[in-house]
Amino acid sequence: MRRPLLLTEPMQEKYNPAEVERQAQAHWTAIDAYRAVENDARFPKGKYYACSMLPYPSGKLHINHVRNYTINDVMYRYLRMQGYNVLMPMGWDAFGLPAENAAMANQVAPAKWTYDNIAYMKKQMSVMGLAIDWSREMAACKPEYYKWNQWMFLKMLEKGIAYRKTQVVNWDPIDMTVLANEQVVDGKGWRTGAVVEKREIPGYYLAISQPKYAEELLGDLDKLGWPENVKTMQRNWIGKSVGVRFAFTHDIKDPEGHLVQDGKLYVFTTRADTIMGVTFMAVAPEHPLATLAAANDAKLAAFIEEAKRGGVAEADVATRDKEGMPTGLFAIHPLTGAQIAIWVGNYVLMSYGDGAVMGVPAHDERDFSFAKKYQLPIKQVIDVKGQPFSIEAWQPWYEDKENGVCMQSGKYDGLPTLKAVDAIAADLAAMGLGEKKIQFRLRDWGISRQRYWGTPIPIIHCSGAEGGAPGCGAVPVPEKDLPVVLPEDLVPDGSGNPLNKDARFLNVKCPKCGKDAKRETDTMDTFVDSAWYYMRYCSPGSTEAMVDARNDYWMPMDQYIGGIEHAVLHLLYARFWTKVMRDLGLVKFDEPFTNLLCQGMVVCETFYGEGADGKTVWINPADVDLVFDDKGRAISAKSKLDGQPVVIGGTEKMSKSKNNGVDPQAIINAYGADTARVFMMNTAPPEQMLEWSEDGVKGASRFLRRVWVYAHAQHGALAAGISPLNAAKLDDQLAKARRELHGFIRDANRDIAKIQYNTVVSFAIKVLNTLEGVQASASADAREAVREGLSMLLRLLNPFAPHITHVLWNELGYHGDLLDAQWPVEDAKALQADTIEIMLQVNGKLRGSISIAATATREAVEQAALASDAAQRHLAGATPKKVIVVPGRLVNLVV
RNA sequence: GCGAAGGUGGCGGAACUGGUAGACGCACUGGAUUUAGGUUCCAGCGCCUUACGGCGUGAGGGUUCGAGUCCCUCCUUUCGCACCA
């Protein structure tokens with residue numbers, strides 16, 4: 001509704017955020033402001049899909065969520081004012097481990113805990129003024145959603161993308177249960193304290209490392225507008241390397257008399273040129289040869305047992321001391337025929353390549369230290385520019401991949417690395433023992449979890465009648481029987497998956513033969529849920545298909561926003577899932593997220609004191625007063641609760657254990673959502689860490705109050721009428737103010753397009769600082785300059801503080817709804833200045849400045865510079881041998 | 001261990017393409033207003049120096065008329081490592 005330009009009603013005197021925000025939100029609710037409609041004719045620039053990574057419903061909204069969604073919301077409002085049809089949805093990553101932990105702690109079913117949390121967090125979001133289209137809300141734990149996880153799984157089984165194999169997991173020998181890496185603390189189970197073991201169990205995998213997908217996931221990174229660091233991390237994670245896979249031969253037989261692995265011990269290497277330097281081999285503790293050798297060797301068996309202890313997390317495995325033990329077995333070097341000792345190494349991963357490596361101590365740092373430790377021979381076979389080689393100490397050039405030439409390598413002597421690799425690969429191929437191979441570090445995606453609160457894997461195990469005919473095996477649930485519904489009323493007790501004890505769920509008939517059978521009780525990794533939820537937002541309510549035609553309108557997503565901690569796993573799985581959906585004909589695009597922003601974490605200072613029992617007590621920053629010296633340095637702190645001194649700890653990410661969390665709800669209650677939003681956007685660039693400070697929040701609050709007070713003070717004069725702005729005849733002061741204002745708008749536009757929101761807020765503050773020097777009551781020109789300036793300020797600030805700007809926009813009588821007002825741009829004419837100031841340097845040191853006409857030629861600038869007092873003083877009569885003029889910026893006189 | 005990113009006043013940060021380092025905000029100091037506290041307003045605020053001036057972007061070196069920005073070496077902090085999400 002259009003409001004009258006001349007207002008008679010009085011403006012509210014004091015800035016009351018609660019009232020302002022209630023008023024603005026009531027308006028948005030009334031007009032259903034954020035419902036996004038496909039092909040909405042109101043928006044000429046077309047669709048823009050901006051989405052945040054969905055939250056886990058942990059109980060309360062975390063400050064990191066608030067930051068994430070505020071960034072998303074600023075983007076929404078800015079783009080909408082630019083004329084885009086913007087979509088910002090929200091949903092819930094509702095399956096997962098924390099619900100089971102809470103269930104155990106509180107004896108409440110994960111479903112109830114999860115739904116309660118969702119209801120509470122949704123309420124919290126509503127007070128932030130987020131432009132969310134709630135009609136598209138989804139939750140991963142709803143059958144209408146996870147049905148499609150199951151459906152996709154069946155499709156992948158058909159295509160051979162999903163398959164079953166054994167996997168190595170953390171096993172708690174007391175609870176007899178599988179542990180997540182998170183539940184392994186210092187190699188021990190978190191509940192039992194028992195030393196964790198590695199155990200092999202069967203599970204389902206998705207073939208993400210198939211060359212078809214791995215290559216595409218690698219290559220398509222080039223198409224994406226993502227941060228380079230994230231793309232680099234994904235490239236390294238996929239880890240494509242070109243090398244040679246070849247076999248050492250042997251005649252080792254198992255107890256039944258069969259040759260182990262057909263007498264071939266395969267390894268993969270990117271440095272086949274060093275093959276003549278092999279002095280040992282190492283196999284993983286789980287390797288068949290290791291198992292065989294250990295059968296008759298108690299010490300080796302004990303070593304392998306020890307190597308299998310501890311968790312499966314790679315960070316643990318890789319930081320462990322590199323240890324080995326000989327198996328007593330030997331293999332034949334394919335080119336020299338030499339006998340090579342086979343060792344078991346605790347650092348060799350069964351899951352990478354063939355679980356065996358060749359040891360070339362002279363040209364691999366890890367092999368070098370291993371050989372030194374166990375006094376294995378070290379043989380140099382690569383020469384780099386004749387540098388002297390010594391086995392005493394490792395030198396980085398031993399590994400040089402560019403300048404090496406073969407030596408002590410027989411017929412390969414003199415060949416450079418690449419040529420040697422080719423020659424050796426060709427010779428191995430001729431012997432039938434090897435070939436060039438592309439190897440990926442990326443492993444297939446194991447999706448089976450031995451947990452209750454997740455998507456049931458739609459498989460039925462038919463083992464046949466006892467003593468009778470064999471069963472049908474693992475039978476996929478027929479599509480018509482989907483979804484396999486997860487019972488919502490079970491409470492886990494820590495000893496394994498409660499589904500295993502639930503007869504209703506467990507007992508079914510085999511879909512093939514109709515006989516008694518058991519359901520699979522493993523559920524899916526929650527990364528499956530997050531692999532495609534953002535497409536479900538685009539097809540809400542679709543019952544006949546996973547996604548429908550509406551998905552084609554919104555996807556691919558224009559901007560995805562979330563934490564850097566998801567840089568590899570979630571983002572890689574979502575990309576893979578999208579490509580599988582494309583291959584199934586469900587979508588037409590290759591990549592789901594065109595642009596990506598990874599926002600930084602919110603951190604806060606920590607404080608601690610000593611409790612009565614002498615233990616460290618962490619004190620919440622809200623309960624601490626800092627003491628400053630007269631230069632403003634914090635020198636000490638004391639508790640508000642008891643006045644006792646407390647120690648200032650480091651700045652760390654907010655956590656319960658350090659009690660340095662800030663409750664976003666409390667901040668909004670005290671200062672309002674606009675203040676919280678402005679503080680977070682202004683304090684750090686979106687991609688950097690944000691340091692929380694209550695004083696900073698106060699600063700943001702002060703700024704908004706000043707906006708309110710200034711707008712209020714101008715109100716009467718603005719209401720007096722409108723006359724055109726005489727831009728050409730403004731007095732110097734007004735012209736200068738206007739030049740500044742439009743300069744700020746120009747710079748703010750540059751930065752907001754780059755998503756550098758912190759400086760955009762700074763420019764809004766500068767706009768206010770300048771406006772405060774101009775009063776609308778001074779003259780008709782001043783009034784129109786203020787009218788223009790305030791209009792630009794409210795529009796510029798609207799994405800950051802939507803409530804206060806909405807209310808002021810209406811109260812000042814500006815036209816239309818601010819939500820869809822035109823985004824402000826600078827007037828180029830207002831920016832023109834007659835004279836400019838340029839810097840004067842002598843020998844690169846700043847020595848002064850000169851004022852000169854903006855149109856001055858290079859020569860004129862040079863003359864003026866030479867004639868200036870500062871130049872005369874610092875040249876001391878010398879003639880510059882060179883004068884560098886940077887137009888509009890500086891002159892440098894080089895003596 | 002492997003991979004990635006960062007380091008600028010007392011603090012958060014700014015500096016568009018190699019061209020005024022410290023915008024803007026916070027804290028602090030002085031002053032005004034206020035019964036007081038708070039609020040608000042004005043002024044100051046990198047370090048050293050009475051001044052002239054000198055020094056300053058983690059440390060060291062290099063390229064350049066000119067380096068926070070580019071190159072090399074080192075130190076350090078944060079994030080990820082496949083079953084936390």
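Of the side-chain N and O atoms in Asn236(A), one or more sit less than 4.0 angstrom from OP1 or OP2 of A4(B). OP1 or OP2 of U39(B) has not a single side-chain nitrogen or oxygen of Arg705(A) nearer than 4.0 Å. Contact annotation: Lys845(A) reaches the phosphate of C55(B) (side-chain N/O to OP1 or OP2, under 4.0 Å). Phosphate proximity of G7(B) to Gln688(A): absent, as no side-chain N or O sits under 4.0 Å from OP1 or OP2. Between Asn682(A) and A14(B) there is no side-chain N or O to OP1 or OP2 distance below 4.0 Å.
Taking the P atoms as reference points, G58(B) lies 13 Å from G6(B), given to the whole Å. For the P atoms, the distance from C41(B) to C24(B) is 15 Å, rounded to whole Å. Separation of the C1' atoms belonging to G1(B) and U17(B) is 40 Å when rounded to the nearest angstrom.
The listed nucleotides are A23(B), A14(B), C26(B); the one nearest the side chain of Arg702(A) is C26(B). The side chain of Thr683(A) approaches G12(B) more closely than any other nucleotide in the set G12(B), A14(B), A27(B). Closest to the Asp695(A) side chain, of the nucleotides U20(B), A27(B), C24(B), is A27(B).
Counting non-hydrogen atoms under 4.0 angstrom, Gln756(A) reaches the backbone sugars and phosphates but no base. If you check every strand for non-hydrogen atoms under 4.0 Å, Asn769(A) touches sugar and phosphate atoms only. When heavy atoms are screened at a 4.0 angstrom cut-off, Leu890(A) is found touching base atoms of the nucleic acid.
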Report, one pair per line, the protein and nucleotides 42-47 of chain B atoms (nitrogen or oxygen only) whose separation is under 3.5 Å.
none

Below 3.5 Å is the cut-off: list the nitrogen or oxygen pairs between protein and nucleotides 70-72 of chain B, distance only.
none

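The salt bridge (Lys or Arg N to Asp or Glu O under 4.0 Å) test applied to Lys240(A) returns Glu215(A), not counting sequence neighbours. Considering only residues two or more places apart in sequence or on other chains, Arg451(A) meets the salt bridge (Lys or Arg N to Asp or Glu O under 4.0 Å) condition with none of them. The side-chain hydrogen bond (donor to acceptor under 3.5 Å, both in side chains) test applied to Glu200(A) returns Thr166(A), not counting sequence neighbours. Residues forming a side-chain contact (heavy atoms from CB on, under 4.5 Å) with Arg706(A) (at least two apart in sequence, or on another chain): Leu768(A), Asn769(A), Glu772(A). Residues that satisfy the side-chain hydrogen bond (donor to acceptor under 3.5 Å, both in side chains) test with Ser849(A), not counting sequence neighbours, are Glu837(A). For Asn236(A), the side-chain contact (heavy atoms from CB on, under 4.5 Å) test picks out Thr232(A), with sequence neighbours left out. Shown here are the salt bridge (Lys or Arg N to Asp or Glu O under 4.0 Å) partners of Asp747(A), two or more places apart in sequence or in another chain: Arg750(A). With sequence neighbours excluded, the residues that form a side-chain hydrogen bond (donor to acceptor under 3.5 Å, both in side chains) with Tyr671(A) are Glu694(A).
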What pairs of donor and acceptor atoms, side-chain ones from residues 598-605 of chain A against any protein atom, are under 3.5 angstrom apart with sequence neighbours left out?
none

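Regarding the sugar-base torsion, G13(B) falls in the anti class, its angle being beyond 90° of 0.
For the pair Ser693(A) and Lys882(A), both in contact range of RNA chain B, the more 5′-proximal nearest nucleotide belongs to Ser693(A).
Arg677(A) places its CZ atom 21 Å from the P atom of G25(B), with the value rounded to the nearest Å. Regarding Leu768(A), its CG atom lies at a distance of 18 Å from the P atom of A23(B), rounded to whole Å. Residue Arg847(A) contributes atom CZ, which lies 14 Å from atom C1' of C65(B) at whole-angstrom precision.
Using a 4.5 Å heavy-atom cutoff, the side chains of Met176(A) and Trp171(A) are in contact.
Shown are Asp522(A), Thr455(A), Thr523(A), Asp525(A); of these, the side chain to side chain donor-acceptor pair (under 3.5 Å) with Arg449(A) is made only by Asp525(A). With Tyr15(A) as the partner, the ring pair (Phe, Tyr, Trp, His ring centres under 6.0 Å) test is satisfied by one option alone out of Phe703(A), Trp708(A), Tyr710(A): Trp708(A).
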How does protein reach along nucleotides 77-85 of chain B, written 5' to 3' as B (base within reach of a heavy atom under 4.0 Å), S (only sugar-phosphate), or - (no contact)?
-> -S-SBBBBB
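The number of heavy atoms from other shown groups lying within 6.0 Å of NZ (Lys188(A)) does not exceed 12.
Side-chain atoms of Asn892(A) and base atoms of C65(B) include a donor and an acceptor less than 3.5 Å apart.
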